[in-house]
Amino acid sequence: MIRLKYMILTWGCQMNEHDAEVLAGMIEKMGYHETHLEEDADLIILNTCCVREKAENKVYGKLGELQQLKSKNPELVIGVCGCMTQQPEVADRMRRKAPHVDLIFGTHNAHRLPELIAEAKEAKSPVVEVWEKEGAIVEHLPTRRVAGIRAYVTITYGCNNFCTYCIVPYVRGRERSRLPEDIIREVQSLGEQGYKEIMLLGQNVNSYGKDLDLQVDFADLLSQVNEVPGIRWIRYMTSHPRDFSEKVIKTIARSAKVCEHFHLPVQAGSNTVLRRMHRGYTREYYLELLTKVRESVPHASITTDIIVGFPGESSEDFADTLDLMEKARFDAAFTFLYSPRSGTPAAQMPGQISMEEKKARFQKLLEIQNRLSLEANRRLVGKTVEVLIEGRSKSDPGRLSARTRTNKVVIIEGHEDLIGKIVSVAIKEAQTWNLTGIVTKRAEL
Ligand code: 5AD
Ligand code: SF4
């Protein structure tokens with residue numbers, strides 16, 4: 001019997017990684033088995049991201065490489081999906097630039113993958129199906145998760161914020177919340193399967209429930225998830241500072257399983273820029289929010305996203321961002337060069353900043369943040385903390401990689417039977433990006 005093999009390549013955020021798990025679930029139900037070798041695959045799916053131009057270029061680069069494979073093996077089915085294909089002009093451009101692609105589908109019709117693969121196998125020309133508008137949430141799709149440690153659970157799809165730089169609302173549709181009972185049932189099942197950690201996913205988890213005819217918000221949902229047996233740690237991604245209510249902070253403070261890590265993307269430190277980004281808060285509000293978080297949740301770690309070179313960002317505006325970083329003392333910051341996205345308001349704004357200037361500003365951000373990250377990590381040296389051991393370290397496979405509740409990576413010595421356990425670790429050394437430590441007790445906490 002021929003065993004058909006598939007491979008999914010994913011770019012972008014956790015949301016996309018989780019989409020890949022659902023795509024894999026559907027494909028495996030069709031009888032395919034996973035391979036990590038492109039040459040062996042009968043089906044290759046590129047699950048794309050379009051949040052910055054760089055992500056799109058990588059996809060076109062990969063498609064170029066796959067052309068050779070396709071000419072050697074014309075039976076190979078190549079599919080492209082995800083945020084990038086949801087943009088109106090992309091399907092056309094892709095058909096011109098990469099005629100060897102057999103199937104193009106959008107984010108709103110991913111659940112139709114089995115039918116689309118069958119069509120693509122029969123069709124003489126590429127099959128394209130990109131629904132412009134989101135449909136109802138499709139529940140009970142088979143999902144193939146990596147066994148054991150952390151499981152992603154979607155709580156909302158789409159986004160209603162329309163930050164002026166961001167393409168996501170256009171490619172992921174309007175915000176839709178899953179029903180609390182569907183979410184809780186999924187988390188319960190994951191608890192029974194032995195998952196230790198749950199990551200609740202949404203573009204803006206803090207507005208969970210606003211579109212439902214129910215009296216339920218993100219804080220209520222966290223309280224419910226906190227009660228599910230088996231699950232030890234709860235994380236969530238991504239938060240919008242504007243919607244991060246005091247009720248959520250208080251709920252996190254008293255819910256033992258919810259981790260003390262707050263990812264609060266600030267994007268910029270200048271009020272003028274924040275206004276033109278359409279973020280809905282000021283730097284003063286944001287810094288006050290951090291004070292509240294730190295008062296309610298001692299030892300919380302706080303991370304952020306920052307964009308440099310937004311159109312019209314003056315050197316004073318940029319100085320405000322640097323100043324905010326010093327005041328906020330982030331544990332880590334993901335910093336991005338502003339990338340104009342076609343169809344978003346900011347792409348049309350006057351005062352686009354040159355690449356050279358953006359890079360110079362980016363470098364300054366990095367220098368400051370590296371110093372702050374190292375300082376934050378050094379404060380942990382000598383402390384004993386709880387970690388979940390996730391697997392072998394990628395950079396040093398002889399050692400193990402673990403994560404603290406505050407989302408810091410700790411490299412430790414230890415036998416692989418520790419993988420998947422929550423243990424105590426004494427922190428010995430701090431680097432900018434991670435920590436090293438020693439397991440103090442092998443018994444699971
Ligand atoms: N250019 C640069 N960075 C962007 N982000 C979103 N859109 C853009 C863009 N057009 C960043 C934001 C967001 C993160 C996921 O990506 O900081 O929080
Ligand atoms: Fe990429 Fe953003 Fe879509 Fe995530 S939401 S897949 S980062 S474009």
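In the model, Asp243 has a side-chain atom that pairs as donor or acceptor with a side-chain atom of Asn204 under 3.5 Å. His263 and Thr238 share no donor-acceptor pair across their side chains, judged by distance under 3.5 Å alone. For the residue pair Gln369/Thr335, the side-chain donor-acceptor check at 3.5 Å is not satisfied. With no hydrogens or angles considered, no side-chain donor-acceptor pair links Gln352 and Tyr338 at under 3.5 Å. Of the N and O atoms on the side chains of Ser189 and Gln193, at least one donor lies less than 3.5 Å from an acceptor on the other residue.
Between Glu134 and Arg174 there is no salt bridge, since no side-chain nitrogen of the basic residue lies less than 4.0 Å from a carboxylate oxygen of the acidic one. A salt bridge is defined here as a Lys NZ or Arg NE, NH1 or NH2 lying under 4.0 Å from an Asp or Glu carboxylate O, and Arg95 with Asp92 fails to meet this definition. Salt-bridge formation is detected for the pair Glu129/Arg112: a Lys NZ or Arg NE/NH1/NH2 atom is positioned less than 4.0 Å from an Asp or Glu carboxylate oxygen.
Listed by chain and number, the residues in a side chain to side chain contact (heavy atoms under 4.5 Å, CB included) with Ala151 are Arg145, Leu190, Tyr195, Ile198 (sequence neighbours excluded). With sequence neighbours excluded, no residue forms a side chain to side chain donor-acceptor pair (under 3.5 Å) with Asn226. The side chain to side chain contact (heavy atoms under 4.5 Å, CB included) test applied to Lys359 returns Leu337, Met355, not counting sequence neighbours. Residues satisfying the salt bridge (charged side-chain N to carboxylate O under 4.0 Å, His left out) criterion with Arg93, sequence neighbours excluded, are Glu89. Every residue meeting the salt bridge (charged side-chain N to carboxylate O under 4.0 Å, His left out) condition with Lys247, not counting sequence neighbours, appears here in chain and number order: Asp217, Asp220. For Arg150, the salt bridge (charged side-chain N to carboxylate O under 4.0 Å, His left out) partners two or more places apart in sequence, or in a different chain, are Glu197, Glu390.
Using modelled atom types, one side-chain atom of Asn47 and one backbone atom of Asn16 make a donor-acceptor pair closer than 3.5 Å. With Thr85 contributing its side chain and Ile104 its backbone, the two residues share no donor-acceptor pair below 3.5 Å. Looking only at distances, a side-chain donor or acceptor of Ser339 sits under 3.5 Å from a matching main-chain atom of Glu53. Between the side chain of Lys257 and the backbone N or O of Ile231 there is at least one donor-acceptor pair closer than 3.5 Å. At distances below 3.5 Å, at least one donor-acceptor pair connects side-chain atoms of Thr164 with backbone N or O atoms of Arg276.
Taking CE from Met15 and OG1 from Thr154, the interatomic distance works out to 6.0 Å, rounded to the nearest 0.5 Å. From Asn377, atom CG reaches atom CG of Leu372 across 11.0 Å, with rounding to the nearest 0.5 Å.
The list of salt bridge (charged side-chain N to carboxylate O under 4.0 Å, His left out) pairs with a residue in residues 404-426, not counting sequence neighbours, reads Glu260-Arg405, Asp331-Lys408, Arg392-Glu416, Asp417-Arg442. Here ring-ring contact (aromatic ring centres under 6.0 Å, His included) pairs that include residues 151-173, with residues two or more places apart or in two chains, are Phe162-Tyr170. Legend: salt bridge (charged side-chain N to carboxylate O under 4.0 Å, His left out) pairs involving residues 59-75, not counting sequence neighbours, sorted by first then second residue: Glu38-Lys62, Lys62-Glu65, Lys70-Asp102. Every pair passing ring-ring contact (aromatic ring centres under 6.0 Å, His included) that includes a residue from residues 210-246 is listed here, sequence neighbours excluded: Phe218-Tyr236, His240-Tyr281, Phe244-Phe262. Residue pairs meeting the ring-ring contact (aromatic ring centres under 6.0 Å, His included) criterion with at least one member in residues 89-139, sequence neighbours excluded, are His111-Trp131. Sequence neighbours left out, not one pair with a member in residues 23-48 passes ring-ring contact (aromatic ring centres under 6.0 Å, His included).
Here the shortest heavy-atom pairing between Met349 and Pro311 reads CB-CB, 3.9 Å. Considering all non-hydrogen atoms of both residues, Gly437 and Val410 come closest at N-CG1, 3.7 Å.
Looking at Ser401 and Val409, their side chains come closer than 4.5 Å, going by heavy atoms from C-beta outward. Taking 4.5 Å as the limit, every side-chain heavy atom of Ile78 sits out of range of all side-chain heavy atoms of Leu69. Residues Ile302 and Arg294 have side chains in contact (heavy-atom distance under 4.5 Å, counting atoms from C-beta outward).
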